[in-house]
Amino acid sequence: MPSGSPKFLRLSRAELAFLGVSLAVWTAYVVWLGKDTSWDFRNYHWYIPYALLNGRMDIDIAVAHQGSYYNPLSDVPFYLLATHTTSWFAIAVLGLFQAANIVPMYLIARSSLRMENRTLAAAAVSFFGMTGGLTLSLYGAHYYDNVMSLFTLTGLAILVLKREELANGPLGPVAGWTALAGLLFGCAAGLKLPEAPFAMGFAGGLLAVGGGRRQLAARLAAGAAGGVIGFALCAGYWMWRMDELTGNPLFPYFNDVFRSPMALASPYRDMRFLPTSTWKALALPILFSIDWRISDDLPYTDIRVGVAYLLVIAALAVWMAGKRSKDPLVDPVAARIAFAYAAVSYLFWIKLFAIYRYILQLEMIAPVLIVMAVGLLPLPRRTQLVALGAIFFVCMLFTRSAHLEGAPLGDPYVEADLPRIGDPVHTMVVMTGDAPLGFISPSLPPQIPVLRIDGWMMQPEDGSYLTQEMKRRVAAHKGPLFLIADAYDMGRASAAVVDYGLAIRWKECRVFTTNLTGAYEWCPLSRRIW
């Protein structure tokens, strides 16, 4: 055991070398991919940290559609790195965090396996977990599902690695370890609300640890306390700020419940993929394994979650029938914790979202779940290993990733070829259309307010308070007015500005580009004469 490493880890030099090389390889891969030009990055991941750090919440309105009001804390570190260091370094740090998922996956697999050469097997299983169809697609992207997973998988690793102590150990260490895991889950849910189902999965894992009643009570209390603290640290300020500004701490989401006058009484969340029947809910892992469009907008091909789903059900059915392996390939308690975590997370996910990207970490740990399920079946060891080899080979055959478009590395990270603005102090810019335009806003002079008068969230005739406020501000503005819109969406732009009493001065429009992607129109506006 290397000196200084935690005793319960006992990582050998070979293991440290494997993890170090894996981190280097995946980080280098992310740097090689270049800059993320995904829809979400151009919409809000570059804009909202800029808005937070520059006090734009009282200046701009809905620049990035609903994303304008997301918690920006997870985006701040990358934004600061990208604006204060080089592009390649910022991308490398992002890649390192995404690559680090292999560490908790390796620790979970190694701690669960009961076999010779378990370190080699754990290395293979964890590396395979980094190669899922959507997992490969999201390297270098700013969706952050594969960054938040580092928090939650580390929390799960704590439960698996410390399972014996958490079940029957002294209450102090039980509470301490559980609170730490809860803190990680709370932070993940606070930074990105779609991680909330995994906080419920954490509760399922706490119950599955088993052991004495006092330890169970300590785990539940400490886990809840850690979760609340983590959530408050990572989301408390932003929820307070949103409640202060809008009357809805989750604005604009669940506005049908909170009824903020700023927006419509609508949930504002994507419910397109929610299953419409019980049979579809039961078959969903099979359905999205066959056709990605069932549960996502991002293309991928991967069957490992569906395979894990079927095998875990089969393993549980065999276990409930009283048939147990005399020499299981994995520790049954570790498997029980992982199964409970995955099952409860999945149940809450399918109720709230059913968007595949939000369960990316289930794709990542699916190989571990598959090994656990097959390893508990009452089969000879050789049969188990042959079956696992065949399953992983088939999964690999049916894995395809569709890499998102990227841009070459270069500084500054985001640059827009905007025309010179003669009087920025008295200028206002409006944006229209559904296209992602938020990333352009930080390239404008900071004195200029930017109002998204038309888009996913706001439309000129929706009757919301924010629309009324934008109409008031546009009407009261005395200086130059300009439009920014996607060059291919000018028909919608011309209709939207009419509702604001404006007209596009078409002969003076100019097409401009950015160093990421796209062509955009910059057009002067004039008041309509009725």
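No hydrogens, no waters, no symmetry mates; every other heavy atom, side chains included, goes into these values. Residue numbers start at 1 and run along the sequence shown.
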Counting neighbours of CZ on Phe97 that are heavy atoms of other residues, nucleotides or ligands and sit closer than 6.0 Å, is the number greater than 12?
no

Thr278: side-chain hydrogen bond (donor to acceptor under 3.5 Å, both in side chains) partners, not counting sequence neighbours
none

Do any N or O atoms from the side chain of Lys162 and from the backbone of Thr178 form a donor-acceptor pair under 3.5 angstrom?
no

To the nearest 0.5 angstrom, please state how far the CG atom of Leu298 sits from the CG atom of Asp145.
9.0 Å

Would you find a donor on one side and an acceptor on the other, under 3.5 Å apart, between the side chain of Trp39 and the backbone of Ala435?
no

Among residues two or more places apart or on two chains, list those pairs meeting salt bridge (charged side-chain N to carboxylate O under 4.0 Å, His left out) that have a residue in residues 223-242.
Asp58-Arg241, Arg241-Glu244

Spell out, as yes or no, whether a donor-acceptor pair under 3.5 Å connects the side chain of Asn71 to the backbone of Gly190.
yes

Please report whether the SG atoms of Cys509 and Cys523 are separated by less than 2.5 angstrom.
yes

Supply the atom-to-atom distance Phe185 CZ to Leu206 CG, rounded to the nearest 0.5 angstrom.
8.5 Å

Side chain to side chain contact (heavy atoms under 4.5 Å, CB included) between Leu207 and Val344: does it pass, once the steps are laid out?
CA-CA 11 Å; Leu207 292 172; Val344 174; over 6 Å; no

Any donor and acceptor pair, going by atom type alone, linking the side chain of Asp36 with main-chain N or O of His142 inside 3.5 Å?
yes

Donor-acceptor under 3.5 Å (Gln215 side chain, Val174 main chain):
no

Tell me, do Ile91 and Tyr413 make a side-chain contact under 4.5 Å, heavy atoms counted?
yes

Evaluate the side-chain proximity of Leu264 to Asn255: yes if any heavy-atom separation is below 4.5 Å, no if none is.
no

Decide salt bridge (charged side-chain N to carboxylate O under 4.0 Å, His left out) for Arg510 and Asp417; before the verdict, give the C-alpha distance in whole Å, the side-chain angles of both, and the deciding distance to 0.1 Å.
CA-CA 10 Å; Arg510 172 186 163 179; Asp417 183 27; 3.2 Å; yes

Between atom CG of Asp499 and atom CG of Asp454, what is the distance when rounded to the nearest 0.5 Å?
8.5 Å

Check whether any side-chain heavy atom of Tyr50 sits under 4.5 Å from a side-chain heavy atom of Thr83, and report yes or no.
no

Return the minimal non-hydrogen interatomic distance between Pro524 and Phe482, and the atom names on each side.
CA-CD2, 3.6 Å

So how far is it from Arg473 CZ to Met470 CE, rounded to the nearest 0.5 Å?
9.5 Å

If we only count heavy atoms from C-beta on, is the Val429 to Trp522 side-chain gap below 4.5 Å?
yes

Roughly how far, to the nearest 0.5 Å, is OG1 of Thr135 from CD of Gln98?
10.5 Å

Derivation of the side chain to side chain contact (heavy atoms under 4.5 Å, CB included) call for Phe198 and Ser149:
CA-CA 9 Å; Phe198 295 104; Ser149 59; over 6 Å; no

With a 4.5 Å cut-off on side-chain heavy atoms, are Phe273 and Ile294 touching?
no

Could you tell me whether the side chain of Leu233 reaches within less than 4.5 Å of the side chain of Leu183, counting heavy atoms only?
yes

Donor on one side chain, acceptor on other, Tyr253 and Gln66, under 3.5 Å
no

Tyr69 and Trp238 have their tightest heavy-atom pair at O-NE1, 3.0 Å

Has the side chain of Arg219 got a donor or acceptor atom that lies under 3.5 Å from a matching backbone atom of Gly210?
yes

Under 3.5 Å, side chain of Arg527 to main-chain N/O of Gly501, donor-acceptor pair present?
no

For Ala308 and Leu369, which heavy atoms make the closest approach, and how far apart are they?
CB-CB, 4.2 Å

Can you list the steps and then say if Met242 with Met262 is a side chain to side chain contact (heavy atoms under 4.5 Å, CB included)?
CA-CA 11 Å; Met242 286 296 97; Met262 297 288 183; over 6 Å; no

Can a donor-acceptor pair be found, under 3.5 Å and without considering hydrogens, that links the side chain of Glu363 to the backbone of Arg304?
no

Is the shortest heavy-atom distance from the side chain of Pro460 to the side chain of Ile453 under 4.5 Å?
no

Tell me the side chain to side chain donor-acceptor pair (under 3.5 Å) pairs involving residues 436-451, sequence neighbours left out?
none

Between Arg528 and Tyr500, is there a donor-acceptor pair closer than 3.5 Å when you use the side chain of the first and the backbone of the second?
no

Have a look at Tyr358 and tell me which of Tyr144, Phe348, Tyr143, Phe353 forms a ring-ring contact (aromatic ring centres under 6.0 Å, His included) with it.
Phe353

Derivation of the salt bridge (charged side-chain N to carboxylate O under 4.0 Å, His left out) call for Asp434 and Arg492:
CA-CA 9 Å; Asp434 292 337; Arg492 179 167 176 173; 2.8 Å; yes

Short side-chain donor-acceptor distance under 3.5 Å, His45 and Asp75
yes

Indicate the atoms forming the closest heavy-atom contact of Leu136 with Ser401, along with that distance.
CB-CB, 3.7 Å

Should we count NZ of Lys351 as having more than 12 external heavy atoms under 6.0 Å?
no

Closest approach of Gly491 to Ser494 (non-hydrogen atoms, all atoms of both residues):
O-OG, 2.8 Å

Quick one, Asn248 with Thr246, criterion side chain to side chain donor-acceptor pair (under 3.5 Å). Give me CA distance, side-chain angles, the key distance, then yes/no.
CA-CA 5 Å; Asn248 176 355; Thr246 71; 5.6 Å; no

For the pair Leu96 and Val30, evaluate side chain to side chain contact (heavy atoms under 4.5 Å, CB included) and give the outcome as yes or no after the intermediate values.
CA-CA 8 Å; Leu96 180 61; Val30 170; over 6 Å; no

Measuring from Gln361:CD to Leu150:CG, what's the distance to the nearest 0.5 Å?
10.5 Å

Under 3.5 Å: donor-acceptor pair, side chain of Arg56, backbone of Pro446:
yes

Is any side-chain heavy atom of Lys192 closer than 4.5 Å to a side-chain heavy atom of Ser74?
no

For Ser38 and Asp40, does a side-chain donor sit closer than 3.5 Å to a side-chain acceptor?
no

On a heavy-atom basis, which atom in Ser68 and which in Ala62 lie closest, and how many Å separate them?
OG-C, 3.2 Å

Parallel, tilted or perpendicular, judged at 30° and 60°: which one describes the rings of Tyr309 and Tyr346?
tilted

